[in-house]
Engineer: 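Sharing a structure here in structure tokens format.
Side chains included, hydrogens not; waters and symmetry mates left out as well; all remaining heavy atoms used. In what follows, chains are A, B, ... by sequence order, proteins preceding strands, each numbered from 1.
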Amino acid sequence: MIDPQLLRDNPDVVRRSQEARGSSVELVDRAIEADAARRAAIASFERLRAEQKAFGKTVSSAPRDEKAALVAQAQELASNVKQAQQQATDAEEAFTRAITAIDNIVLDGVPAGGEDDYVVLREVGGIPEFDFEPRDHLELGELLGAIDMARGAKVSGARFHYLRGVGAQLELAIMNLGLQKALAGGFVPLITPTLVRPEIMSGTGFLGEHSDEVYYLPADDLYLTGTSEVALAGYHADEILDFSCGPLRYAGWSTCYRREAGSGGKDTRGIIRVHQFNKLEMFAYTLPEDAEAEHQRMLAFQEEMLQALGLAYRVIDTAAGDLGSSAARKYDVEAWVPTQGRYRELTSTSNCTTYQARRLDIRSRTETGKTAPVATLNGTLATTRWLVALLETHQNADGSVTVPDALRPFLGGLERLEPIT
RNA sequence: GGAGACGUCGCAUAGUCAGGUCUAGUGCACCACCCUGCUAAGGUGGAGUCCCCUCCGGGGGACCGAGGGUUCAAAUCCCUCCGUCUCCGCCA
């Protein structure tokens with residue numbers, strides 16, 4: 001949710017942001033109207049309520065013979081109050097609907113435009129070249145006995161898979177490397193629930209336009225999360241945070257579930273786009289003024305991880321139209337996937353400024369002792385998808401895969417993954 | 001799954017049976033000041049969150065786990081839900 005004060009004082013900023021995203025500008029005016037209506041309704045309810053309270057005192061202290069008459073009078077007042085209260089509640093709800101429909105205010109410097117209008121900030125690492133025909137990650141995975149799509153489909157359907165043998169080990173190794181880096185960076189590890197209540201799901205903004213991406217369990221009214229960001233943001237919901245020891249940083253590990261409803265026939269081969277995968281996610285709560293620095297810090301951790309794994313990558317600054325509704329700016333790190341001849345997203349880090357925190361009612365104390373919404377940020381540190389770039393980049397002609405130095409300690413010193421016979 | 005107890009403005013508690021000076025009391029912790037030859041004890045005052053209005057002095061409203069209901073009036077009575085605890089049953 002954006003700052004209602006900003007909507008009132010500086011609606012043009014909100015309009016410009018909506019425009020940059022290609023979102024509805026008209027929503028802004030609708031929200032402003034709803035705000036005015038809400039305030040008027042609240043004022044008239046409170047006036048009547050004050051009157052009723054004063055009158056109630058007269059009734060309770062009145063002599064017995066006058067009481068009946070006073071009560072009759074109070075009855076009429078009560079019905080007016082009830083009506084006014086209903087109007088205030090309705091107006092409040094209408095305003096909340098209107099303002100939550102507005103996306104977060106895009107930060108200055110974010111490229112305008114849609115999905116293809118990103119700006120490449122840098123390309124790092126040499127694109128790998130092979131003197132043989134490289135195999136794709138699934139072929140390698142099958143040779144190594146690491147990935148089993150067929151049995152995944154047999155048991156659970158399309159877009160499900162098994163990681164087995166060195167595949168399973170490799171994923172755990174990547175996660176552990178990420179965790180090690182996160183710990184060094186002051187992140188508290190957190191293994192999170194993956195089933196959450198509706199209010200947490202909507203509070204984090206995942207029940208908006210893309211709600212058909214989300215698995216839902218009607219019998220229990222719970223949602224399966226597509227990222228631990230949901231549980232990490234909900235962790236401090238309704239709390240007033242203490243930043244006297246700096247930002248609060250968490251590294252959340254969880255299995256993630258996505259319906260991939262809109263992805264049609266995209267990435268149907270292998271484990272690039274699957275219904276279930278694992279992810280280590282960074283999450284930070286900071287003061288609003290520290291958010292941009294924290295965002296850069298997260299990006300640096302992500303780049304450090306890709307470098308440690310010897311992957312070629314580029315960093316892009318996502319265009320306004322491609323931002324999630326909560327994000328004010330988003331950087332993606334994309335790794336080179338040899339058999340596709342292009343970069344594919346491995347990580348994403350979003351600065352949600354105070355948008356998410358306002359919805360979830362997460363605040364901190366300012367110097368004057370008042371409360372104010374905090375900023376929240378999230379960023380990927382490792383996922384199952386990384387296996388794709390890792391296997392393809394470090395493959396050898398015989399189908400074996402060289403393990404990057406940084407991962408060896410997590411694989412018992414293993415230097416090479418060998419095809420199984 | 002069954003039975004029961006409970007949820008009060010940081011923490012701990014009173015208030016709920018018998019609805020109305022509850023404008024929610026008290027203790028601890030906290031802040032300011034006073035007193036005191038110690039960082040102790042004591043005294044006075046302050047202090048929650050959210051929202052609305054404001055001539056920026058202040059004024060008003062909401063919040064007793066959440067949401068409804070009854071009533072002129074609800075922390076208090078009724079219903080639903082959530083959570084915690086105890087006992088029983090069942091089970092990885």
Side-chain angles (χ1 to χ4, degrees), chain A residues 1-9 31-100 191-204 207 216-223 230-231 234-245 248 255 285 354-374:
Chain A
M1 191 171 103
I2 62 162
D3 185 357
Q5 198 64 47
L6 181 72
L7 184 70
R8 235 174 277 167
D9 299 346
I32 291 170
E33 279 169 35
D35 186 33
R38 151 184 166 269
R39 286 151 71 192
I42 288 173
S44 77
F45 159 68
E46 289 183 352
R47 211 177 315 114
L48 281 167
R49 181 69 174 143
E51 201 183 321
Q52 184 191 31
K53 280 174 79 167
F55 201 79
K57 286 210 171 77
T58 328
V59 174
S60 65
S61 58
R64 184 174 294 200
D65 56 330
E66 290 174 22
K67 224 163 196 167
L70 286 170
V71 164
Q73 215 175 325
Q75 275 169 347
E76 194 186 330
L77 193 50
S79 87
N80 290 344
V81 167
K82 193 159 195 171
Q83 200 183 344
Q85 181 166 33
Q86 190 56 50
Q87 279 166 5
T89 307
D90 291 348
E92 186 80 54
E93 277 172 14
F95 171 67
T96 304
R97 266 198 308 277
I99 198 170
T100 51
I191 296 175
T192 64
T194 54
L195 288 170
V196 302
R197 297 170 179 284
E199 56 268 30
I200 298 296
M201 205 63 184
S202 63
T204 44
L207 287 186
Y216 174 59
L217 279 62
D220 301 281
D221 196 19
L222 290 170
Y223 292 90
V230 178
Y235 190 63
H236 284 304
D238 300 318
E239 294 183 24
I240 297 174
L241 305 182
D242 179 7
F243 286 146
S244 58
C245 300
L248 301 183
T255 300
Y285 299 86
T354 58
Y355 190 87
Q356 202 172 49
R358 203 171 261 112
R359 268 195 183 188
L360 291 167
D361 196 22
I362 307 170
R363 294 156 293 158
S364 69
R365 295 267 173 213
T366 63
E367 281 177 16
T368 58
K370 294 283 175 205
T371 63
V374 305

Engineer: Scan the side chains in residues 357-365 of chain A for donor-acceptor partners under 3.5 Å anywhere in the protein, sequence neighbours excluded, and list what turns up.
Structural biologist:
| from | atom 1 | to | atom 2 | distance (Å) |
| --- | --- | --- | --- | --- |
| A:Arg358 | NH1 | A:Met1 | O | 3.4 |
| A:Arg358 | NH1 | A:Thr354 | OG1 | 3.0 |
| A:Arg359 | NH1 | A:Ser202 | O | 2.5 |
| A:Arg359 | NH2 | A:Thr100 | O | 3.4 |
| A:Asp361 | OD1 | A:Arg363 | NE | 3.1 |
| A:Arg365 | NH1 | A:Gly369 | O | 3.1 |

Engineer: Can you name the residues that form a salt bridge (charged side-chain N to carboxylate O under 4.0 Å, His left out) with A:Arg197, not counting sequence neighbours?
Structural biologist: none
Engineer: Minimum heavy-atom separation for A:Ala34 to A:Ala98, with atom names?
Structural biologist: CB-CB, 4.2 Å
Engineer: In whole angstrom, what separates A:Phe45's CZ from B:C63's C1'?
Structural biologist: 12 Å
Engineer: I'd like to check the side chain to side chain contact (heavy atoms under 4.5 Å, CB included) partners of A:Ala94; sequence neighbours left out, ordered by chain and number.
Structural biologist: A:Arg97
Engineer: 5'-most contact on RNA chain B: A:Ala72 or A:Ala372, nearest heavy atom basis?
Structural biologist: A:Ala372
Engineer: Please list, by residue number, the residues of residues 74-82 of chain A whose heavy atoms come closer than 4.0 Å to an atom of RNA chain B; answer none if no residue qualifies.
Structural biologist: A:Ala74, A:Gln75, A:Ala78, A:Lys82
Engineer: Write down the distance separating the C1' atoms in B:C51 and B:G43, rounded off to the nearest Å.
Structural biologist: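 To the nearest whole Å, 37 Å.
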Engineer: Please measure how far the P atom in B:A47 lies from the corresponding atom in B:G59, and state the result in whole Å.
Structural biologist: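 Result for the P pair: 12 Å, nearest Å.
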Engineer: Identify the nucleotide, in any strand shown, that forms a Watson-Crick or G-U wobble pair with B:A62, with both distances under 3.5 Å; if there is none, say none.
Structural biologist: B:U49
Engineer: If you measure from CG on A:Leu222 to OG1 on A:Thr194, what distance do you get to the nearest 0.5 Å?
Structural biologist: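 If we round to the nearest 0.5 Å, A:Leu222:CG and A:Thr194:OG1 are 10.0 Å apart.
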Engineer: For a quick test of reading the model, state the closest non-hydrogen atom pair linking A:Asp242 to A:Leu248 and the distance between them.
Structural biologist: O-CD2, 4.3 Å
Engineer: Just jot down the side chain to side chain contact (heavy atoms under 4.5 Å, CB included) partners of A:Ala91, sequence neighbours excluded, or say none.
Structural biologist: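 Once residues adjacent in sequence are excluded, the partners of A:Ala91 under the side chain to side chain contact (heavy atoms under 4.5 Å, CB included) criterion are A:Arg38, A:Ala41.
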Engineer: For residues 78-86 of chain A, dump all side-chain donor-acceptor pairs below 3.5 Å to protein atoms at least two apart in sequence or in another chain.
Structural biologist:
| from | atom 1 | to | atom 2 | distance (Å) |
| --- | --- | --- | --- | --- |
| A:Ser79 | OG | A:Glu76 | O | 3.2 |
| A:Gln86 | NE2 | A:Asp90 | OD1 | 3.0 |

Engineer: Using a cut-off of less than 4.0 Å, is there contact between a side-chain N or O of A:Lys53 and OP1 or OP2 of B:A62?
Structural biologist: yes
Engineer: When the P atoms of B:A3 and B:C17 are compared, how many Å lie between them, rounded to an integer?
Structural biologist: 25 Å
Engineer: Looking only at atom C1', what distance separates B:C31 and B:G15, rounded to whole Å?
Structural biologist: 28 Å
Engineer: Under 4.0 Å from OP1 or OP2 of B:C72: is there any side-chain N or O of A:Gln52 that close?
Structural biologist: no
Engineer: Could you tell me how far B:G45 sits from B:G25 if I compare only their P atoms? Round to whole Å.
Structural biologist: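 Looking at atom P only, B:G25 and B:G45 are 14 Å apart.
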Engineer: Rounded to the nearest 0.5 Å, what separates atom CG in A:Leu7 from atom CZ in A:Phe95?
Structural biologist: 6.0 Å
Engineer: If you round to the nearest 0.5 Å, how far is CD1 of A:Ile99 from CD1 of A:Ile2?
Structural biologist: 4.5 Å
Engineer: Taking a pair as Watson-Crick or G-U wobble with both distances under 3.5 Å, which nucleotide is matched to B:U36?
Structural biologist: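 Base-paired to nothing in any strand shown.
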Engineer: Grab the CG-P distance between A:Asp242 and B:G10 for me, whole Å please.
Structural biologist: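 That distance rounds to 16 Å.
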Engineer: I need the full list of side-chain hydrogen bond (donor to acceptor under 3.5 Å, both in side chains) pairs touching residues 42-53 of chain A, with sequence neighbours left out, sorted by first then second residue.
Structural biologist: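 Residue pairs with at least one partner in residues 42-53 of chain A: A:Arg49-A:Gln52.
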Engineer: Across all strands, who's sitting opposite B:A3 as a Watson-Crick or G-U wobble pair, both distances under 3.5 Å?
Structural biologist: B:U86
Engineer: Could you tell me the Watson-Crick or G-U partner of B:C28, where both distances fall under 3.5 Å? Say none if there is no partner.
Structural biologist: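 The base-pairing partner of B:C28, which may sit in any strand shown, is B:G10.
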Engineer: For nucleotides 46-49 of chain B, tabulate all protein N/O to nucleotide N/O atom pairs closer than 3.5 Å, reporting atom names and distance.
Structural biologist:
| from | atom 1 | to | atom 2 | distance (Å) |
| --- | --- | --- | --- | --- |
| B:U49 | OP1 | A:Arg365 | NH1 | 2.7 |
| B:U49 | O3' | A:Arg363 | NH1 | 2.8 |

Engineer: With a 3.5 angstrom cut-off on both distances, give the Watson-Crick or G-U wobble partner of B:C22, or none if there isn't one.
Structural biologist: none
Engineer: Of the non-hydrogen atoms in A:Phe243 and A:Val374, which two are nearest, and what is the gap between them?
Structural biologist: CE1-CG1, 3.5 Å
Engineer: Using a 4.0 Å cut-off on protein heavy atoms (strictly under), produce a 5'-to-3' string for nucleotides 77-83 of chain B with B for base contact, S for backbone-only sugar-phosphate contact, and - for none.
Structural biologist: -----SS
Engineer: For nucleotides 51-53 of chain B, tabulate all protein N/O to nucleotide N/O atom pairs closer than 3.5 Å, reporting atom names and distance.
Structural biologist:
| from | atom 1 | to | atom 2 | distance (Å) |
| --- | --- | --- | --- | --- |
| B:C51 | O3' | A:Arg38 | NH2 | 3.0 |
| B:C52 | OP1 | A:Arg8 | NH2 | 3.3 |
| B:C52 | OP1 | A:Arg38 | NH2 | 2.9 |
| B:C53 | OP1 | A:Arg39 | NE | 2.8 |
| B:C53 | OP1 | A:Arg39 | NH2 | 3.0 |

Engineer: Say we look at B:C22 and B:C9: how far apart would their C1' atoms be, to the nearest angstrom?
Structural biologist: 13 Å
Engineer: Decide, for B:G57, between syn and anti: a glycosidic angle within 90° of 0 counts as syn, anything else as anti.
Structural biologist: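 What B:G57 shows is a syn base, its glycosidic angle lying within 90° of 0.
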Engineer: In whole Å, what separates the P atom of B:U16 from that of B:C55?
Structural biologist: 45 Å
Engineer: Between B:C79 and B:C88, how far apart are the two P atoms, rounded to whole Å?
Structural biologist: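 28 Å, rounded to whole Å.
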Engineer: Can you name the residues that form a ring-ring contact (aromatic ring centres under 6.0 Å, His included) with A:Tyr285, not counting sequence neighbours?
Structural biologist: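 By the ring-ring contact (aromatic ring centres under 6.0 Å, His included) rule, A:Tyr285 matches A:His236, A:Phe283.
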Engineer: Let me know the distance between CZ of A:Arg49 and P of B:U71, rounded to the nearest Å.
Structural biologist: 15 Å
Engineer: Rounded to the nearest 0.5 Å, what separates atom CG in A:Asp221 from atom CD in A:Glu199?
Structural biologist: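 The distance works out to 8.5 Å.
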Engineer: For A:Tyr216, what residues pass the ring-ring contact (aromatic ring centres under 6.0 Å, His included) criterion, not counting sequence neighbours?
Structural biologist: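 Per chain and number, A:Tyr216 pairs via ring-ring contact (aromatic ring centres under 6.0 Å, His included) with A:Tyr223.
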